[in-house]
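Here the structure is laid out as structure tokens; the discussion comes afterwards.
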There are 2 protein chains.
Amino acid sequence: MVKRVSLGDAACPVARSLDGIGDWWSLLIVRDAFDGVSRFGEFQKSLGISKGILASRLHGLVALGVLAMTPAADGSAWQDYVLTPKGEALFPVIVALRQWGEAFCYRPGEPHSALVERSGGKPLAPLVVRSAGGKALRARDTVVRKLSC
Amino acid sequence: MVKRVSLGDAACPVARSLDGIGDWWSLLIVRDAFDGVSRFGEFQKSLGISKGILASRLHGLVALGVLAMTPAADGSAWQDYVLTPKGEALFPVIVALRQWGEAFCYRPGEPHSALVERSGGKPLAPLVVRSAGGKALRARDTVVRKLSC
DNA sequence: CAGGATCCAATACGATACTG
DNA sequence: CAGTATCGTATTGGATCCTG
């Protein structure tokens, strides 16, 4: 689905990630999945997406290994879509997008949902990029090393 | 640019982020900007993108406040596109996507570029979502609290 | 080289209708 | 409800041409 220029064989991991989940809907579906959504209709209602596109994205994410289809927990004849370990590993991506949105995409005082600790309801700490030794790093403290192995 | 359903007024910060930078190219442009790319032609060569789309995306990112246009450093009549503080704040997003791509989008042993510490060249630590108190959190340890303020 | 304008193919997406 | 199929439209994105 979607081919553009095919970043799927790129040597840059950012490009390869985006090639799989960089479309308009996939990360929102994953966000909902983290939020406990698992049924076709729930995704559709939550996202306001058309059924055709939703089915296409859901199947794409399953093919990618981000979601898995399991027999519905309620015994109905259909599927639950649940995060695989590969999908769960997208948690920092979602949190990073959320924190950036909170910080830069709302006017001061404008209400928005917040991700908080389940026990206690306290907000999370801002994500920090760190060196192997644990030191906080700014972008300029890093470099891309081409084609490592 | 692009309207779909307009997530721009959504109450979820993830949706709002994606509404601005969730298209196929914007995050790759930002990645290149972190990598030091600032000229129109450099972006074009690096991304293999058509000029029309590149111009449209560049202007979109400028309008969003992620990039800024400055008089070219080499004295030519054109612009450099450089990250603003809002753009620099996307660093954790890029790093999260990169680490996910490294972990899940390459076969073992397949070469790819790597982001390393500038001084010393050591790889970064994996991003970890933490509570306000510094405790590492898994996705299931968190909940979305609707419409906080 | 930096960019805009135009043309065209592919498709993403929504709406609707249909099936079990 | 969970999808699939079809259709119409808007948009994406590449290629080409044009300008300073």
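Proteins come first, then strands; the chains are lettered A, B, ... in the order of their sequence lines, and each starts at number 1. All values derive from a computational prediction rather than experimental measurement.
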Would you say B/E117 and A/T142 make side-chain contact, with heavy atoms under 4.5 Å?
no
From CG of B/L58 over to C1' of D/dG13, roughly how many Å is that when rounded to an integer?
15 Å
Nearest-Å distance for atom pair CG/P, residues A/L28 and C/dC13:
11 Å
Is any side-chain N or O of B/R39 closer than 4.0 Å to OP1 or OP2 of C/dA2?
yes
Whole angstrom value for the distance that separates C1' of C/dA2 from CH2 of B/W78:
5 Å
Does the B/Q44 side chain pair with the main chain of B/L54, one donor and one acceptor, at a distance under 3.5 Å?
no
With heavy atoms under 4.0 Å as the rule, sort A/L54 into base, sugar-phosphate or nothing.
nothing
Nearest whole angstrom, please: distance from the P of D/dT12 to the NE2 of B/H59.
15 Å
Whether A/W25 contacts C/dC13 is assessed here as follows: a side-chain N or O lying under 4.0 Å from the phosphate OP1 or OP2. Is that the case?
yes
Nearest-Å distance, CD1 (A/I29) to P (C/dA12)?
14 Å
Under 4.0 Å between a side-chain N/O of A/R57 and OP1 or OP2 of C/dA12, yes or no?
no
Under a 4.5 Å cut-off applied to non-hydrogen side-chain atoms, are A/Y81 and A/L61 in contact?
no
Side chain of A/S50, heavy atoms from C-beta onward: which of D/dC1, C/dG14, D/dG13 has the nearest atom to it?
C/dG14
Measure the distance from CD1 on B/I49 to C1' on C/dG4 and round it to the nearest whole Å.
15 Å
Of the listed nucleotides C/dC1, C/dA17, C/dG14, the one nearest the side chain of A/I53
C/dG14
Determine the contact category for A/F43: base if any of its heavy atoms lies under 4.0 Å from a base atom, sugar-phosphate if only primed atoms, P, OP1 or OP2 are that close, otherwise nothing.
nothing
Are A/E88 and B/R138 within salt-bridge range, i.e. N to O under 4.0 Å?
no
Separation of B/D23 atom CG from D/dG13 atom P, in whole Å?
7 Å
Rounded to the nearest Å, what distance is computed from the CH2 atom of residue A/W24 to the P atom of nucleotide C/dC13?
9 Å
Look at all strands and tell whether B/Q79 reaches a base, only sugar-phosphate, or nothing, counting heavy atoms closer than 4.0 Å.
sugar-phosphate
NZ/NE/NH1/NH2 to OD/OE distance under 4.0 Å, B/R39 and B/D74
yes
Judged by each residue's nearest nucleotide on DNA chain C, which is more toward the 5′ side, B/Y81 or A/G52?
B/Y81
